[in-house]
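Notes to accompany the following structure.
Just so it is clear, the model here is predicted, and its values are computed rather than measured.
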Amino acid sequence: MVEPQASVERLERLTGMLRRRGIILPAFEIHGGAKGLYDFGPVGGRLRSKVQSVWRDHWLSQGDVVEISCPTVTPFAVLEASGHVAEFSDFMTVCTACDEASRADTLLEAHHANPDALSLSDLQALLDDVQPPCPACGEASWSPVAAENLMFDTVIGAGSSGRAAFLRPETAQGMFTTYPAIYRHFRERLPFGAMQLGRGYRNEISPRQGMIRLREFNMAELEYFIDPETEAPHDLSPWASTEVQLVPAEGDAFAASIPTALAQGVILHPTVAWFMARTHDLMLALGVDAEKLRFRQHARDEMAHYALDCWDVELHGSYGWIECVGIAHRGCYDLEAHEKATGQRLRAWRNYPEPKVVEINGWTIDGAKAGPAFRALAGQVKSKVEALGPEASFPLTVVLDGGEEVLVEEEHVKRVQRTETVAGEWFIPHVVEPAFGIDRIIWHLLDHAYEESGSGEEMYVRMRLHPDVAPVDAAVLPLFEKEGMDTMASEVHRRLCGTRGVLASYDGSGSIGRRYARADEIGVPCCLTVDHTSLEDGTVTWRDRDTGEQTRMSVDDAVRRLAAP
RNA sequence: GCGCACAUGAUCUAGUGGUUAUGAUACGAGGUUCCCAACCUCGUUACCCGAGUUCGAGUCUCGGUGUGCGCACCA
């Protein structure tokens, strides 16, 4: 994508300002820097935490969502169960003629139905066998296949007793591995959600585009557990008149309300629609420009194989349209995978409308006799016997799965004949997951808010950040640092900083205009100026960042306005 | 990972092997100023890292690191 020169220059001025003012900086710069790692600086730190607060409050307000926090260091087995060990590994091989690196499975696509699923040794064997030509130079001479895992690996514990582990590539697994506690917390009633804000790690081969592709990043994910057989109760009527841009997997982009798109069958599931609508609200509450937001549906072949529907929120900025949120219906994939790997029950209970009466009529073993007789095979004998109908008669020769034949005598078995009432069943909940890339969202908030006016030497910069995410809430400025104005301004500053949820800065140097400009550049929503009148009657002027308008008010009123929730 | 280009104060930048390395902005101290980057004086800060060539390297060579772009990759 070739961006016009003007927008490249704007991007350079923006990133330069973000560094200079301590919002976003390359990490470890004094040591030469490190690719794909960024710091939020003295101003950016609070920007991030305010964005996270808005995110947290938005979802908690739903009432059926809890916040958890899980370790980033994650045992091998967890990510093996989730499929990440397999999914995050690419098997690479390098052409010895031209040094072009290729994925071994891609080279072998014509020779195997699903080379992605092959193990390293199978891939190596097939590669040696097929000798595919290099797509770059045509030679067929490949280095040994090597796994490139995109997860950072580490070891829990020292020496030979250490356990293999990874830094998590996503926070989601924590919501699945703590599912039993969440289910208990919600008194065993669906639907409910769990979410966490935290760091994720991906050892990207080639991080690019500033904040867009990072090796360590802030993410925020919510897993919403639902009963696939219960109709979703979401009320989408508040969004009926809000049009959004939609790019469906099939056909052209169009604008429609989310309930309409659901009714048309473009959005495939009501809970996905619900989270799209709620996410849209959240994005606007954070200050995203509605014109630079669209929903894009994943094509079939782009979705993970288990996903039932997936929509990204893409935001438009200096790097084009960038995926910032993914809203995916993941079916029962994750809980089922962990259940299989651990044998733990990760299910919910559903009562039948009417209890079912089940006739049990057949045979089982008499443990006291059959146990000693069959010893290690007793378990297998039991399941074979219980599979027999009531008409079976003993002695009877039973063939076990291993091929062994055992003679089951009449004394080994007992007749079973009873009726049972079954009130319901265990099932694996489905899950809808909105996953947010916090850094990418923050980038776009800055990109959308950054406004230049004038040009050249005259250029004026204003960050029109939403007050809920602005890193500094107010700047306190003495008109001059003398005659007691500085003392009074310091008092106002201290009082504001002592007010919960308020952070103010004090700036007494340079002309008043210069100080307004400094505040505007990092998006401080208002400046409170202490002037001569202030000394007489205890008022200050409140200057609005976006309009430049000034209002005189008492210090008490100013504090109250800033402290308002 | 490959290829091309680039790397000089906080930011942007001048500098074709030879004095004390430009300039602007920003920042700090003081002055001035009754509200939008004004002005005056003074001040602080830089050649990405490491080897090499050379009497001498910011400048040339090699390697590393970082940044941008293209290819590849991107749960």
(request) List the atom of A/Thr539, the atom of A/Ser534, and the distance in Å for their closest heavy-atom pair. (result) O-OG, 2.7 Å
(request) With P as the reference atom in both, quote the distance from B/C60 to B/C69 in angstrom, rounded to an integer. (result) 25 Å
(request) Quick one: sort the A/Trp321 and A/His316 rings into parallel, tilted or perpendicular, breaks at 30° and 60°. (result) perpendicular
(request) Would you classify A/Arg208 as touching base, sugar-phosphate or nothing, given that sugar-phosphate means primed atoms plus P, OP1 and OP2, and contacts are heavy atoms under 4.0 Å? (result) base
(message) Tell me the interatomic distance from A/Glu29, atom CD, to B/A10, atom C1', rounded to whole angstroms.
(response) 11 Å
(request) Taking atom C1' in both B/U13 and B/U22, compute the distance separating them and give it to the nearest angstrom. (result) 9 Å
(request) Describe the nucleic acid contact of A/Arg515 in one word from base, sugar-phosphate, nothing, applying a heavy-atom distance below 4.0 Å. (result) nothing
(request) Can you tell me the distance, in whole Å, between the CZ atom of A/Arg552 and the P atom of B/C35? (result) 12 Å
(request) For A/Asn218, check side chain to side chain contact (heavy atoms under 4.5 Å, CB included) against everything at least two apart and list the hits. (result) A/Phe40, A/Arg48, A/Gln52, A/Arg199, A/Ile438, A/Asp439
(request) Compute whether any side-chain donor of one residue and acceptor of the other, for A/Ser554 and A/Asp556, lie under 3.5 angstrom apart. (result) no
(request) Answer with yes or no whether A/Asp531 presents, from its side chain, a donor or acceptor under 3.5 Å of a partner atom in the base of B/C35. (result) yes
(request) Check whether more than 12 heavy atoms from other residues, nucleotides or ligands sit under 6.0 Å from atom OH of A/Tyr460, and answer yes or no. (result) yes
(request) Determine the interplanar angle of the A/Phe275 and A/Tyr224 rings, folded into 0 to 90°, and report it as parallel if under 30°, tilted if 30 to 60°, perpendicular if over 60°. (result) perpendicular
(message) Let's test this: given Watson-Crick or G-U wobble pairing with both distances under 3.5 Å, identify the partner of B/U32.
(response) none
(request) Please state the C1' separation for the pair B/A26 and B/A37 - nearest whole angstrom. (result) 11 Å
(message) I'd like the C1' distance from B/U16 over to B/A51, given in whole Å.
(response) 24 Å
(message) Counting only Watson-Crick pairs (N1-N3 plus N6-O4 or O6-N4) and G-U wobbles (N1-O2, O6-N3), all under 3.5 Å, who is the partner of B/A37?
(response) none
(message) I'd like to know if A/Asp507 pairs up with A/Arg514 as an ion pair, taking the criterion as any Lys NZ or Arg NE/NH1/NH2 lying under 4.0 Å from an Asp or Glu carboxylate oxygen.
(response) no
(message) Between B/G3 and B/C73, how far apart are the two C1' atoms, rounded to whole Å?
(response) 16 Å
Please list, pair by pair, any protein nitrogen or oxygen found under 3.5 Å from a nitrogen or oxygen in nucleotides 24-27 of chain B.
{"unit_1": "B/A26", "atom_1": "OP1", "unit_2": "A/Arg514", "atom_2": "NH1", "d": "3.1"}
{"unit_1": "B/A26", "atom_1": "OP1", "unit_2": "A/Arg514", "atom_2": "NH2", "d": "3.4"}
{"unit_1": "B/C27", "atom_1": "OP1", "unit_2": "A/Arg518", "atom_2": "NH1", "d": "2.1"}
{"unit_1": "B/C27", "atom_1": "OP2", "unit_2": "A/Arg514", "atom_2": "NH1", "d": "2.7"}

(message) Using atom C1' in both nucleotides, what's the gap between B/G15 and B/C47 to the nearest angstrom?
(response) 11 Å
(message) With a 3.5 Å limit on both atom pairs, tell me what B/A10 is paired to, counting Watson-Crick and G-U wobble, or say none.
(response) B/U25
(request) Could you tell me how the ring of A/Tyr201 sits relative to the ring of A/Phe152: parallel (under 30°), tilted (30 to 60°) or perpendicular (over 60°)? (result) perpendicular
(message) With a 3.5 Å limit on both atom pairs, tell me what B/U16 is paired to, counting Watson-Crick and G-U wobble, or say none.
(response) none
(request) Assign each of A/Gly510 and A/Arg215 to its nearest nucleotide of RNA chain B by heavy atoms, then name whichever residue's nucleotide is nearer the 5' end. (result) A/Gly510
(request) Please confirm whether any donor atom in the side chain of A/Gln550 sits under 3.5 Å from an acceptor in the base of B/C35, or the reverse. (result) yes
(request) Please determine if A/Arg10 and A/Glu452 form a salt bridge, counting it only when a charged side-chain N lies under 4.0 Å from a carboxylate O. (result) no
(message) Using a 3.5 Å distance criterion without hydrogens, assess whether the side chain of A/Arg545 forms a donor-acceptor pair with backbone atoms of A/Gly523.
(response) yes
(message) Tell me if a side-chain donor or acceptor on A/Asp312 pairs with a main-chain N or O of A/Glu323 at a distance below 3.5 Å.
(response) no
Give each protein N/O atom lying under 3.5 Å from an N/O atom of nucleotides 62-65 of chain B, with the pair distance.
{"unit_1": "B/U65", "atom_1": "O2'", "unit_2": "A/Gly32", "atom_2": "O", "d": "3.3"}

(request) Take A/Glu204 and A/Arg19, find for each the nucleotide of RNA chain B with the closest heavy atom, and name the residue whose nucleotide sits nearer the 5' end. (result) A/Arg19
(request) Determine the interatomic distance between C1' on B/G58 and the same-named atom on B/U20; round to the nearest Å. (result) 15 Å
(message) With a 3.5 Å limit on both atom pairs, tell me what B/U54 is paired to, counting Watson-Crick and G-U wobble, or say none.
(response) none
(message) Can you tell me the base-pairing partner of B/A5? Count Watson-Crick or G-U wobble geometry only, both distances below 3.5 Å, and say none if there is no partner.
(response) B/U67
(message) Nearest whole Å is fine: how far is B/U67 P from A/Phe28 CZ?
(response) 13 Å
(request) Could you state the atom-to-atom distance from CZ of A/Phe480 to P of B/C35 in whole Å? (result) 7 Å
(message) Taking only side-chain N and O atoms of A/Ser511, does any of them lie within less than 4.0 angstrom of OP1 or OP2 on B/A37?
(response) no
(message) For the C1' atoms, the ones on B/U54 and on B/A10, what distance do you get once it is rounded to whole angstrom?
(response) 35 Å
(message) Let's test this: given Watson-Crick or G-U wobble pairing with both distances under 3.5 Å, identify the partner of B/C47.
(response) none
(request) Write down the distance between CE (A/Met17) and C1' (B/A10), rounded to a whole number of angstrom. (result) 14 Å
(message) Under 4.0 Å, counting only non-hydrogen atoms across every strand here, what does A/Gly41 touch: a base, just sugar-phosphate, or nothing?
(response) nothing
(request) Whole angstrom is fine here: how far is it from CD in A/Glu481 over to P in B/G31? (result) 11 Å
(message) In whole Å, I'd like the distance from the CE atom of A/Met485 to the C1' atom of B/C34.
(response) 8 Å
(message) Measure OH/A/Tyr516 against C1'/B/C35 and give the value in whole Å, please.
(response) 4 Å
(request) Assess the side chains of A/Arg168 and A/Thr74: does a donor N or O sit below 3.5 Å from an acceptor N or O? (result) no
